[in-house]
Structures are given as structure tokens and as C-alpha cells.
Amino acid sequence: MRLLVLFFLVMSVLSVNTFGQRNCGSLEYQKKFAQHETYSTSKSPITDNIAARDTLSDETINIPVVIHVLYNLNEQNISDAQILSQINILNEDYNRLNADATNTPSAFQKYAGKCNIHFCVAKVDPQGRQTKGIVRKYTSKVCFSMNDNMKFANAGGDDAWDSKRYLNIWVCNLQSNVLGYSSLPNDRAELDGVVIQYNAFGNTGSLRPQFNKGRTATHEIGHWMGLLHIWGDNTCGNDYVDDTPPQTYYNGNCPSFPHKSQCSINNNGDMFMNFMDYTNDECMNIFTNGQKNKMRKLFALNGPRNSFLLSNVCDSSNANNIAGPSSNEAANKPVQSVTIFPNPSSSTINMIPVNGYDLNNNTVHILDATGKVLINQKIFSSNRSINISSLKSGLYFLKIGSGSDQKMIKLIKN
Ligand code: ARG
Ligand code: ZN
Ligand code: CA
């Protein structure tokens with residue numbers, strides 16, 4: 001069903017060490033090969049009772065997108081700006097408007113394809129309500145693997161929106177060496193879409209250095225539209241695209257042109273700057289006309305993505321006048337707080353974090369009923385107890401944190 005995870009060996013080591021990523025599952029070296037080159041034409045994907053449309057010409061194909069942001073840590077709750085930067089990148093890359101198109105070696109320029117595929121953020125949700133097209137949700141999952149849990153609300157993720165009308169993009173923390181993965185055109189509707197690592201999404205925000213130009217989503221959406229890796233996932237394999245030259249295997253980092261490999265058919269060598277290779281974001285800049293045609297075919301009559309030609313969910317005038325849940329309402333991050341134990345106490349109290357409250361390096365104040373500070377103590381995750389035996393019996397307040405994070409807890413000394 002889904003394609004490939006990549007294991008940039010070097011990358012994974014870098015990402016674990018350099019960026020101090022928490023251990024997020026074991027390193028999995030999985031790789032799945034795309035088996036289904038063809039798709040069934042027996043069933044029409046059109047579910048609406050509107051007349052089917054075909055696209056044989058080069059008309060613009062519009063793809064409404066919903067972005068499901070799943071975060072465990074606040075840094076994973078990426079900004080709207082980061083999300084919109086990714087949508088802009090898709091609109092450049094799929095229309096040959098990327099500024100680095102000029103970096104395509106001149107020998108390959110003639111193959112470059114302007115796919116004429118446009119991405120827009122949904123303005124109407126599946127219930128017909130107004131939406132921002134962004135769902136933000138706290139998850140208790142520290143990270144996700146490729147088992148699709150992020151696609152199900154009952155597994156710590158968020159359910160797909162109707163995959164006949166929306167491209168679902170889940171942005172979350174994937175186990176350390178995975179940048180993203182995609183479903184294939186005929187996968188189950190609930191699994192349909194792409195999953196992207198939160199720090200390899202868009203080109204603004206805090207991003208992994210080699211994957212900071214939004215090309216992970218460009219690549220994964222290429223899979224979502226039926227493209228295979230340029231090396232055909234095999235030694236000198238076939239990607240079923242005529243104008244991408246055969247190459248021995250994938251390329252990483254940033255080779256310089258020409259980069260010949262064992263099965264090169266001429267001196268131009270590998271098209272390592274193709275979005276469907278494994279080079280760094282800043283070195284990728286081209287889809288070919290062959291890739292363009294292969295992708296667009298999915299939208300033709302009886303193709304698995306034909307229904308998108310009728311999707312009107314980016315046009316807010318198609319929404320009813322009910323406002324859908326706002327991103328904030330959709331967020332259900334539990335309140336982080338602190339409890340103390342025992343309470344009442346005669347000698348020592350211990351601070352207990354609730355829902356991941358960070359106690360390290362926090363100052364605790366104990367105030368009497370008039371607000372006078374009687375104890376002022378720094379606490380650390382290694383030492384969370386406070387001796388209150390000096391206090392007279394009675395009612396006190398324990399204060400921790402500041403601003404909107406401030407907590408006041410009643411404390412009884414006996
Ligand atoms: N892990 C991804 C996949 O195999 C490829 C990563 C895309 N590469 C990049 N430079 N962003 O589908
Ligand atoms: Zn891939
Ligand atoms: Ca080829």
C-alpha cells in the first residue's frame with residue numbers, strides 16, 4: 001500500500017544527535033515497493049451525483065488540502081505561517097515556478113514539466129461548515145510510526161476528511177529517521193493522504209537543515225499522485241516514466257552535474273535533482289513532462305482522483321453559515337499543572353507534575369494568608385521536595401510559575 005520510507009543513515013544519526021531529538025521509536029529500515037502500477041477502472045470514484053468531468057487538456061487541476069497538525073510538544077504545533085509556506089512551495093514546484101528551476105542543468109531543462117496542479121487550503125469542512133482547513137490537536141503520542149495511527153482519532157491522531165474531495169496532510173512527529181510517507185492512489189479512503197515530519201514541512205520555522213525547503217511534501221504528494229522513485233526502487237529499476245533517465249540507485253546529499261551511474265544512458269547521467277530522488281531539498285528542482293502526464297492521468301475520467309475535478313471545498317461561498325470548530329476548540333491539550341503531596345503536611349511536601357508540567361528550575365514561593373513570602377526555594381526535577389517544618393500550623397499558599405502559567409495551591413501545615 002504505502003511507499004517507502006527512506007533511511008538516510010547519515011541523516012538519522014545527525015537528526016538524533018545534532019538536534020537532540022528524543023528517542024522516538026526504534027530505527028526502522030523499512031522499504032515497500034510500489035506494486036500497483038495500474039489502477040482499477042472498474043469503479044467510478046465519483047460519489048456525487050453531479051455529472052463526471054474529464055481532464056484531457058492541460059487545464060488547472062485544483063487540489064483542496066486539509067492539514068491535520070498533531071502535537072505532543074508545543075514546538076510540534078507549527079504556525080499557520082509554516083503551513084502556508086508549504087502550500088506556496090507546492091504551488092511553485094507543481095507549476096515550475098520554483099526560483100531554483102534555473103538550477104536544473106541545461107541538458108535536462110527540456111524535460112521540465114509545468115504540471116498545472118494548484119493546491120488550496122480548504123474553506124469548507126466535510127459537514128459543509130466554514131473552516132480554516134487546519135485542524136490542530138494535542139496528542140499524547142510522543143511520536144508516530146508508519147502504522148497510520150496519526151490518521152485515526154481513536155489512536156491519538158485525527159480522522160481523514162473525505163478523500164474524494166480533500167488531500168489530507170498529517171503533520172506530526174514521526175520516528176526519527178522518517179521524513180514522510182504517502183498512501184498510494186487506491187489505498188483505503190481512511191488512509192488516503194500524506195504524512196510529513198513537522199520539522200521538514202514548509203520553509204519557515206524551526207527546520208532540519210537539509211530538509212528545510214518543503215520538498216518532502218512535494219515528494220510525498222508525487223507518490224500520492226502515483227509517481228515512483230526515479231530509480232524505480234531497484235538497482236537500475238523502472239519508474240515507468242520515459243523522460244527520467246535510468247539511474248543505478250538513489251542519490252543523497254547534493255551531487256554535482258553530471259553524476260553518472262552504472263546504468264546511465266548518456267553523459268547527462270542521473271537526474272538527481274528530480275523531486276522523486278532522495279537528494280537534499282535545496283538540490284531538488286524538477287518534475288518532468290512524463291511525470292506530469294503520469295500524475296494528471298489519475299484525474300482523468302475513471303481515474304482514482306477524478307473526483308477532485310468536482311471538489312469545490314476551497315470556495316468559502318459553498319459553506320453554510322455555521323462556523324466549524326476553530327483550531328483552538330479542536331485542540332484538546334490537557335492543562336499542565338502541579339499537585340503537592342502530602343497536604344496537609346507537618347514537615348515535607350513533594351511537588352508532583354501533572355500532564356508533563358516542567359518542574360525543573362522553577363522557583364516555588366510559600367505565602368501566608370496575607371501574601372507574605374515565607375519560603376522561597378528553587379526546585380529541580382531531581383529534587384522536588386520542600387521542608388515546611390519551620391512554618392506555624394495554618395493555611396498557606398504555594399505559588400509556582402509566572403504569568404498565565406502561574407499556579408496557586410492551598411497548603412495546610414499541621
Ligand atoms: N522519506 C521520503 C520518502 O521516501 C523521502 C524524503 C524526501 N526528500 C527530501 N529531500 N525532502 O517518501
Ligand atoms: Zn519517496
Ligand atoms: Ca524513467
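Model, not experiment: these values are computed from the prediction. Just follow the structure's listing: the first ligand is 1, and inside any ligand the first atom is 1.
Counting atoms of ligand 1 from 1 in the listed order, those under 4.0 Å from a heavy atom of Leu179 are 6 (C). Those atoms of ligand 1 that come under 4.0 Å of a heavy atom in His223, given as number and element, are 12 (O). The Phe211 neighbourhood of ligand 1 comprises atoms 9 (C), 10 (N), 11 (N), with distances under 4.0 Å to a heavy atom of that residue. Residue Asp281 approaches ligand 1 through these ligand atoms, each under 4.0 Å from one of its heavy atoms: 9 (C), 10 (N), 11 (N). Under a 4.0 Å criterion applied to the non-hydrogen atoms of His229, ligand 1 contributes the atoms 4 (O). Close approach of ligand 1 to Tyr278 is summarised as follows: ligand atoms under 4.0 Å from at least one heavy atom of the residue are 3 (C), 4 (O), 5 (C). Contact atoms of ligand 1 toward Arg215: 11 (N) (distance under 4.0 Å to a heavy atom of the residue). Below 4.0 Å from some heavy atom of Thr279 lie the following atoms of ligand 1, by number and element: 9 (C), 10 (N).
When all heavy atoms of Ile83 and Phe201 are compared, the closest pair comes out as CA-CE2, 3.9 Å. Taking all atoms of both residues into account, the shortest heavy-atom contact from Asp159 to His68 is O-CE1, 3.2 Å. The minimum heavy-atom distance between Ile89 and Thr218, with the atom names listed, is CG2-OG1, 4.0 Å. In plain terms, the two heavy atoms of Leu298 and Gly226 that are nearest each other are CD1-N, 3.8 Å.
In this structure, the side chain of Asp277 engages the main chain of Asn251 through a donor-acceptor pair within 3.5 Å.
Within a 6.0 Å sphere centred on CG of Asn293, heavy atoms belonging to other residues, nucleotides or ligands number more than 12. Counting heavy-atom neighbours within 6.0 Å of Lys410 NZ, excluding the residue itself, gives a total of 12 or less.
When only interatomic distances are considered, the shortest N/O to N/O separation between Glu220 and ligand 1 falls below 3.5 Å. At least one N/O-N/O distance between Thr216 and ligand 1 falls below 3.5 Å. For His219, a nitrogen or oxygen atom sits less than 3.5 Å from a nitrogen or oxygen atom of ligand 1, counting backbone and side chain alike.
Using a cutoff of 4.0 Å between basic side-chain nitrogens and carboxylate oxygens, Asp93 and Arg215 are scored as salt-bridged.
With sequence neighbours left out, the side-chain contact (heavy atoms from CB on, under 4.5 Å) criterion links Cys314 to Pro64, Cys120.
Using the six-membered ring where Trp is involved, His219 and His229 have ring planes that are tilted, between 30° and 60° apart.
The stretch residues 278-293 participates, sequence neighbours left out, in these salt bridge (Lys or Arg N to Asp or Glu O under 4.0 Å) pairs: Asp58-Lys292. Here salt bridge (Lys or Arg N to Asp or Glu O under 4.0 Å) pairs that include residues 70-87, with residues two or more places apart or in two chains, are Asp80-Lys132, Asp80-Arg136.
If you count the protein N, O or S atoms nearer to the Ca ion (ligand 3) than 3.0 Å, you get 4.
With the Zn ion (ligand 2) as vertex, His219 NE2 and His229 NE2 subtend 110°, rounded to 10°.
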